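Notes follow the structure.
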Amino acid sequence: VALLSWVAQRPISYNGGRGWDGVEYYAMAEQIAAGQPLLARAPQVYRPGVPLIVALLPGDDIILKFGLVNLVAAALSVVLFVVWLRPFVGAWWVRALMIVLYVTMWHAPARYVFFLPIYVDPWFIVCLLAGLIVVHRLGRERTDAWLIAGLSALTFAGVLFREAALVLPAALLTRDALRPRWPRTALDLLPLAALDAFEEAGSAFDPALAARLEREVLSVGGSRDEGE
């Protein structure tokens, strides 16, 4: 996909190939390389990660360096996406299809970087996927200090690429609060809601029918509890 995009995709020409937000990232890379303070518009100025990496690389072609840096991130994101899917998607062909869809969509890093190389999303995606993998592992190994330190480092690094990386600690804090209890509570409410509906509707027409439906609903709820 990357090879086809490199051959067929024409890069953007707006603002000298820098695009829109890329104007700020380009200037930030120049400022870092020159040892100057960062002067750029918000929120781009709060995302110095990729411009910093670009400024540390040798060479004068900043656009090319942005492209190479983001292409590395695009490859890493595919590997991490494979790892992330494995615990949740059992069928290998479904995982393969999802990976193909990921790398071939028009704004995927593997393709988009050849249209607009100056942007910061690919490295944010890398940190996000790596952090979600750690969050999943922490669900089974809560006391693993290395995993907690790793998640902290990924959050810190991810924020340098995009502030949305703060979703990682939020995901850790909410994963157990939302997954085990909320679906169970919603399912437990269904028999009670059905019971109220049956009573309201049935009593208006046939009190005996309402009483029978009430017994059936309660028996369904009781049998589910026994099965658990």
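What you see is a predicted model, and the numbers here were worked out from it, not measured in a lab. Hydrogens, waters and symmetry mates play no part in the numbers below; they use all other heavy atoms, side chains included.
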Expected list for residues 74-88: side-chain donor-acceptor pairs under 3.5 angstrom, two or more places apart:
unit_1: S77; atom_1: OG; unit_2: A74; atom_2: O; d: 2.7
unit_1: S77; atom_1: OG; unit_2: Y102; atom_2: OH; d: 2.8

Identify each donor-acceptor pair in which a side-chain atom of residues 46-69 lies under 3.5 Å from a protein atom, sequence neighbours left out, and give them as a table.
unit_1: R47; atom_1: NE; unit_2: E163; atom_2: OE1; d: 3.0
unit_1: R47; atom_1: NH1; unit_2: Y25; atom_2: OH; d: 3.2
unit_1: R47; atom_1: NH2; unit_2: E163; atom_2: OE2; d: 2.8
unit_1: D61; atom_1: OD1; unit_2: I63; atom_2: N; d: 3.4
unit_1: D61; atom_1: OD1; unit_2: L64; atom_2: N; d: 3.1
unit_1: K65; atom_1: NZ; unit_2: V54; atom_2: O; d: 3.1
unit_1: K65; atom_1: NZ; unit_2: L57; atom_2: O; d: 3.0
unit_1: K65; atom_1: NZ; unit_2: G59; atom_2: O; d: 3.1

Kindly list each side-chain donor-acceptor pair under 3.5 angstrom involving residues 32-44, sequence neighbours excluded, with atom names and distances?
unit_1: R41; atom_1: NE; unit_2: E24; atom_2: OE2; d: 2.9
unit_1: Q44; atom_1: NE2; unit_2: D21; atom_2: OD1; d: 3.0
unit_1: Q44; atom_1: NE2; unit_2: D21; atom_2: OD2; d: 3.4

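Residues V126 and A73 come closest through the heavy atom pair CG2-O, 3.3 Å. Taking all atoms of both residues into account, the shortest heavy-atom contact from R95 to V89 is NH1-O, 2.8 Å. Nearest approach of L128 to L168, heavy atoms of both residues: O-CD2, 3.7 Å. Of all heavy-atom pairs between T155 and P169, the closest is OG1-CD, 3.6 Å. Taking each heavy atom of A165 and G158 in turn, the nearest pair found is CB-C, 3.4 Å.
Hydrophobic clustering, with ILVMFWY side chains joined whenever heavy atoms are under 4.5 angstrom apart, keeps Y26 apart from L160. Connection of L132 to M98 is established within a shared hydrophobic cluster, with ILVMFWY side chains joined at heavy-atom distances below 4.5 Å, either directly or through further cluster members. Cluster annotation: W123 and F156 are assigned to distinct hydrophobic clusters (Ile/Leu/Val/Met/Phe/Trp/Tyr, side-chain heavy-atom contacts under 4.5 Å, transitive). V159 and V45 fall into different hydrophobic clusters, defined by Ile, Leu, Val, Met, Phe, Trp and Tyr side-chain heavy atoms under 4.5 Å apart, directly or through other members. The hydrophobic clustering, which links ILVMFWY residues whose side-chain heavy atoms are closer than 4.5 Å, places I99 and L97 apart.
Here the CG-CG distance, from L138 to L147, works out to 5.0 Å after rounding to the nearest 0.5 Å.
Between Y119 and P109 there is a side-chain heavy-atom pair separated by less than 4.5 Å.
A donor-acceptor pair is defined here as one N or O able to donate and one able to accept, closer than 3.5 Å; no such pair exists between the side chain of R10 and the backbone of F115. A donor-acceptor pair is defined here as one N or O able to donate and one able to accept, closer than 3.5 Å; no such pair exists between the side chain of R18 and the backbone of I118.
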